[in-house]
Amino acid sequence: FRSFIYGPLREGGAQHVWLKRTGFEGLCAACTPGRLGHVAEWKVPALVPGAIPEALPPGPGWVAGEFVGYDDAETLEAAMENLDALEGVAEERAERRLLPVLLEGGQVYKAWAWVLPAEHLPRLEREALEIRSGDWKDYL
């Protein structure tokens with residue numbers, strides 16, 4: 001029962017207090033394969049999932065974030081519905097998808113993450129600032 005966050009929901013981020021209200025059990029540093037862009041109009045990062053790179057993180061092809069654990073399916077589902085609203089799922093700015101997540105200890109899990117819908121990829125290519133490090137905290 002887990003999610004992966006990579007933007008302002010992270011510890012120290014402007015929306016971390018929102019995440020705290022979801023009743024998560026714990027969190028730790030993690031990465032997922034993909035690339036990251038910043039969409040100025042939305043004031044948030046956009047994750048585009050990718051293939052697992054040959055080199056371990058950090059580095060190109062990895063997005064840094066936090067792995068967030070929940071006690072049970074009911075708490076997770078309530079949190080995901082709450083966060084779907086924040087992430088703009090209804091407005092089609094993001095979609096929730098299960099992604100592979102590599103924890104700092106080397107374990108790999110599947111976790112829910114919010115990614116850029118495919119129809120927005122051309123806009124991302126045109127307008128977004130690519131965050132080459134894959135870590136939105138570096139951008140801030």
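How far CH2 of W136 is from CG of L9: 9.5 Å, rounded to the nearest 0.5 Å. The distance from the CZ atom of R123 to the CZ atom of R93 is 10.0 Å, given to the nearest 0.5 Å. Note that CG of L98 is 9.0 Å distant from CZ of R2, once rounded to the nearest 0.5 Å. In this structure, the separation between CD1 on I5 and NE2 on H16 is 7.0 Å, given to the nearest 0.5 Å. Distance CD/E54 to CD1/I52: 11.5 Å, rounded to 0.5 Å. Atom CG of residue L27 and atom OG of residue S3 lie 9.0 Å apart, to the nearest 0.5 angstrom.
No continuous path of hydrophobic side-chain contacts links L36 to L102 [ILVMFWY only; heavy atoms under 4.5 Å].
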Quick one, V48 with V63, criterion side-chain contact (heavy atoms from CB on, under 4.5 Å). Give me CA distance, side-chain angles, the key distance, then yes/no. CA-CA 9 Å; V48 178; V63 174; over 6 Å; no
Show the numbers, then the answer: is there a side-chain contact (heavy atoms from CB on, under 4.5 Å) between K110 and V101? CA-CA 6 Å; K110 292 273 188 182; V101 176; over 6 Å; no
CA sep, side-chain torsions, deciding dist, call: L103, V108, side-chain contact (heavy atoms from CB on, under 4.5 Å): CA-CA 6 Å; L103 276 56; V108 176; over 6 Å; no
Verdict with supporting geometry, L76 and F24, side-chain contact (heavy atoms from CB on, under 4.5 Å): CA-CA 8 Å; L76 173 71; F24 66 89; over 6 Å; no
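The heavy-atom pair separating E66 from K137 by the smallest distance is OE2-NZ, 4.3 Å. Residues A46 and L124 come closest through the heavy atom pair CB-CD1, 4.0 Å. Nearest heavy-atom pair, A64 versus Y6, reported as atom, atom and distance to 0.1 Å: O-CB, 3.5 Å. Between A94 and W114, the shortest heavy-atom distance links the atoms CB-CB, 4.2 Å. In plain terms, the two heavy atoms of P33 and P53 that are nearest each other are CB-CD, 4.0 Å. When every heavy atom of T75 is checked against every heavy atom of T22, the shortest pair comes out as CG2-O, 3.8 Å.
The closest donor-acceptor contact from the side chain of T32 to the backbone of P100 lies under 3.5 Å.
Residue E91 qualifies as enclosed at atom CD: its count of foreign heavy atoms under 6.0 Å is above 12.
In this structure, W112 and L83 have side chains that are not in contact, with every pair of non-hydrogen atoms separated by 4.5 Å or more.
Residues meeting the side chain to side chain contact (heavy atoms under 4.5 Å, CB included) test with E25, sequence neighbours left out: D71. Residues satisfying the side-chain hydrogen bond (donor to acceptor under 3.5 Å, both in side chains) test with R10, not counting sequence neighbours, are D135. Residues that satisfy the side chain to side chain contact (heavy atoms under 4.5 Å, CB included) test with E125, not counting sequence neighbours, are R35. Applying the side chain to side chain contact (heavy atoms under 4.5 Å, CB included) criterion to E119, with sequence neighbours excluded, gives E92, P117. Considering only residues two or more places apart in sequence or on other chains, V115 meets the side chain to side chain contact (heavy atoms under 4.5 Å, CB included) condition with L47, P49, E95, R97, L99.
Within the structure, ring pair (Phe, Tyr, Trp, His ring centres under 6.0 Å) contacts touching residues 49-95 (residues at least two apart or in different chains) are F67-Y109.
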